[in-house]
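None of these values were measured; they are calculated from a predicted model. In the text below, chain A, chain B and the rest are named by the order of the sequence lines, each starting its count at 1.
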Amino acid sequence: MTEYMIEVDEVSKTFGEVTAVDGVSLYVPRGTVTGLLGHNGAGKTTLVNVLSTVLPVTSGSAKVAGFDVTAQAAEVRRRIGLTGQFAAVDELLTGHENLVLIARLLGASGKEARQRADELLEIFDLTDAAHRKAKTYSGGMKRRLDLASSLIGHPQVIFLDEPTTGLDPIARTGLWEVVENLVADGTTVLLTTQYLDEADRLADSITVLSEGSVVASGTAAELKAQVGSRTVAVKVADRGDTRLALLALTEAGLHPVHDEERHTISAPATASTDLAVAVRALDAAHIEVAELALTEPTLDDVYLNLNAAPAA
Amino acid sequence: MTTTINTVEEHLKPQPATEPRWQGAQFLTQVAVMTGRSLKALKDPRMILMAMFQPLIMLTLFSQVFKSMTQTPAFQAQYPGVDYINFLLPAILMTTGVQAAMWSGGGLANDLKNGVLNRFRAMPVSMLSVLIGRSLYDVVRNAIQLSVLAIAATVVLGYRGSLTGTVAAIALSLFVGWGVSWLFLALATWLRNVEVMQMVGMMAIFPLMFASSAYVPLDGLPGWLRVVAQVNPLSYAVDAGRGLALGTAELAPFLNAAGIAAAFAVIGMVFAARGIRKP
Ligand SMILES: Nc1ncnc2c1ncn2[C@@H]1O[C@H](COP(=O)(O)OP(=O)(O)OP(=O)(O)O)[C@@H](O)[C@H]1O
Ligand SMILES: [Mg+2]
């Protein structure tokens, strides 16, 4: 039996003429991460705002932590944490004051609030900056303070709207680890992102939005299989070997194509052994290789593929 | 296409009750916390000093420039034997209180740009507490400003109103300013623009300030201006405050001023509470 912490049934949200979310259905089991993938304007933020009770739904219904977002908004708000696309911290307060403020509003006593604030400052490595105004924080520090603020009340469901946009690679990995720890503790997460690798790393299930509608959903593996998976990309050292390489790869069972401009041969990799197959084939034909890589499909590949294929 | 969606029966199953760690603060606690948040701004006295600059200048200049007004028949008929500074200070208290209401709107418009307000919308927090907190902060700030004005007038300019009368005039100015501030708070939640708020405030308040009994007795104003001043609610408020300070208080202007301010507060609260929920 699966217990769903987020249940979205045919939800639409319009702003005047614009339909930002168009009949989306989505189910997120407890203790799992669902990634909402989509380009600018796909409707990710709007859906997150509807589910976190910030915006009213236009039609359809949604439940979060078992409560209806329209009729039981107050119950929902007690159980969620929202890290919006833009940092929701008070820049005129210090980091510590920000966290205490939120904790007090959630109903913590002054003492509990200060304790919880110190705890989270420690976890997010902000102890040194605790008593500085948030205005003086770097983008990454603000983002961490923002996330810490959303976690104060031990929420059961967390919404993260593009949490790593604008973070450096180290901060990005750090944030991923925080999310993984939360999920290990049983928290349910809905995360929006424009990066397939982020969804791949964190999400148990991915939903792809385009122009407000769900165009694909499934696990990362399922989506990739659908997209034609990854590609083996080869650059031969001597351009004269190009024809020979194409032949060798074709004989090995791959379907290589040559990109003249970028001087690259690429072939869709359908099985995990395809890279090894390519190496062996090229080696056997005594072709000197300058570069050889297995490239991940990007969100663009997903879109291209979905637009090419008839919509499901 | 493969999806992770399971059967309908499964997700309709009742969910076990899960209790959050904290239930959300009581409304009064929310208001206290929000007021405290706004009051942090008082740590920086520059804002208060800036806002005091204009009324102090007006108080000083007018008390010198218009001193001879006490010789006019209109003044002597209405306020026999009253020093101009005693006539002027209660009016400045009232106009400063009402001007502070205008600053209130600008302050909220500025606060609405603060990201943390978006967080509150997804929390078990009443957005009304944000407004009330803001409004209480404005009352505190205004009380400080009006007290400083009264003290400066007494020490430097020879103001000699009765203490209780002056305190009562300050209290009435605070109440009227508070009532009017709700109109500007409501406007701010819909306009959300500091510059526009300041423009609207200037345009609404400056004409009202001068076309009133604030600086010249009603009978001393030229014809059409007197007509405007007679219906200007600010005139009632000024007359009421002046009556309290001079010890000649009448009930009618007092009730008028307090009643209009209370009505403004109610109307403003309704619209502000609706406007502020919009993200
Ligand atoms: N308040 C609003 N009023 C009018 N239109 C809006 C409003 N908010 C969003 N939209 C429109 O709804 C659509 C979806 O916007 P949304 O912000 O949800 O996209 P997104 O997927 O979060 O994009 P991004 O990656 O840029 O954050 C866009 O076309 C946007 O212009
Ligand atoms: Mg967005």
Side-chain angles (χ1 to χ4, degrees), chain A residues 1-5 7 25-29 32 34 49 52-55 63 65-66 74-82 84 86-93 97-98 101-108 112 146 149-150 152-156 159 204-205 207 214 216-219 222 226 312, chain B residues 1-44 47 107 110-127 129-130 133 277-279:
Chain A
M1 184 195 104
T2 320
E3 186 196 347
Y4 292 101
M5 290 301 272
E7 303 164 65
S25 295
L26 179 71
Y27 301 87
V28 183
T32 67
T34 289
N49 282 342
S52 56
T53 77
V54 173
L55 289 174
K63 277 185 173 183
E75 293 299 329
V76 172
R77 289 182 190 143
R78 289 193 177 115
R79 292 167 174 81
I80 62 170
L82 166 64
F86 306 102
V89 300
D90 191 332
E91 304 211 335
L92 301 176
L93 301 182
E97 285 168 344
N98 261 287
L101 172 77
I102 303 298
R104 294 283 285 132
L105 288 173
L106 287 174
E112 286 174 316
D146 196 23
S149 307
S150 342
I152 286 177
H154 303 275
Q156 296 160 13
F159 299 99
D204 300 291
S205 166
T207 294
V214 176
S217 61
T219 62
E222 283 167 342
Q226 208 178 311
Chain B
M1 180 172 303
T2 33
T3 68
T4 52
I5 300 169
N6 292 50
T7 56
V8 175
E9 286 82 358
E10 250 183 79
H11 66 78
L12 285 181
K13 279 191 184 129
Q15 314 241 335
T18 40
E19 279 315 300
R21 162 91 158 262
W22 292 304
Q23 292 292 334
Q26 297 296 312
F27 184 70
L28 285 181
T29 311
Q30 290 177 28
V31 170
V33 172
M34 295 296 186
T35 311
R37 167 178 175 268
S38 296
L39 282 173
K40 292 231 162 71
L42 287 183
K43 278 195 208 150
D44 181 2
M47 276 304 289
N110 196 31
D111 204 14
L112 282 165
K113 290 190 297 193
N114 190 325
V116 77
L117 262 78
N118 287 327
R119 175 173 299 288
F120 297 157
R121 288 180 232 278
M123 285 175 59
V125 166
S126 162
M127 290 307 278
S129 69
V130 175
R277 270 233 61 94
K278 286 189 308 171

> Looking at A:Ser149, A:Gly153, A:Gly81, which one has more heavy-atom pairs under 4.5 Å with chain B than the rest?
Replying inline: A:Ser149
> For A:Leu55, is it the side chain, the backbone, both, or neither that has a heavy atom closer than 4.5 Å to a heavy atom of chain B?
Replying inline: side chain
> Does the side-chain contact (heavy atoms from CB on, under 4.5 Å) test come out yes or no for B:Met123 and A:Arg78, once each step is laid out?
Replying inline: CA-CA 7 Å; B:Met123 285 175 59; A:Arg78 289 193 177 115; over 6 Å; no
>> Working note: B:Lys40 + A:Leu92, criterion side-chain contact (heavy atoms from CB on, under 4.5 Å); need CA distance, chi angles, decisive distance, verdict.
In response: CA-CA 9 Å; B:Lys40 292 231 162 71; A:Leu92 301 176; over 6 Å; no
>> Does any backbone or side-chain atom of A:Asp146 lie under 4.5 Å from a heavy atom of chain B? Answer side chain, backbone, both or neither.
In response: both
>> For A:Val89, which atoms come within 4.5 Å of any heavy atom of chain B: side chain, backbone, both, or neither?
In response: backbone
> In terms of heavy-atom pairs under 4.5 Å with chain B, which of A:Ser150, A:Pro155, A:Ser52 leads?
Replying inline: A:Ser150
>> To the nearest 0.5 Å, what is the distance between CG on A:Leu93 and CG on B:Asn114?
In response: 7.5 Å
>> Quick check on A:Glu75 against chain B: is it the side chain, the backbone, both or neither that has a heavy atom closer than 4.5 Å?
In response: neither
> Which bit of A:Thr207 is near chain B, if near means a heavy-atom gap under 4.5 Å: side chain, backbone, both or neither?
Replying inline: neither
> So, for B:Val33 and A:Arg104, which heavy atoms are closest and what is the spacing to 0.1 Å?
Replying inline: CG2-CB, 3.9 Å
>> Please identify, among B:Ala32, B:Gly36, B:Ala122, B:Pro279, the residue contributing the most non-hydrogen atom pairs under 4.5 Å to chain A.
In response: B:Ala122
> Is a salt bridge present between B:Arg119 and A:Asp90, judged by a nitrogen-to-oxygen distance below 4.0 Å?
Replying inline: no
> Where do A:Leu105 and B:Trp22 land on the side-chain contact (heavy atoms from CB on, under 4.5 Å) test, with the steps shown first?
Replying inline: CA-CA 9 Å; A:Leu105 288 173; B:Trp22 292 304; over 6 Å; no
> What part of A:Ala87 gets closer than 4.5 Å to chain B, counting heavy atoms only: side chain, backbone, both or neither?
Replying inline: backbone
> What do you reckon, is CZ of A:Phe86 surrounded by more than 12 foreign heavy atoms closer than 6.0 Å?
Replying inline: no
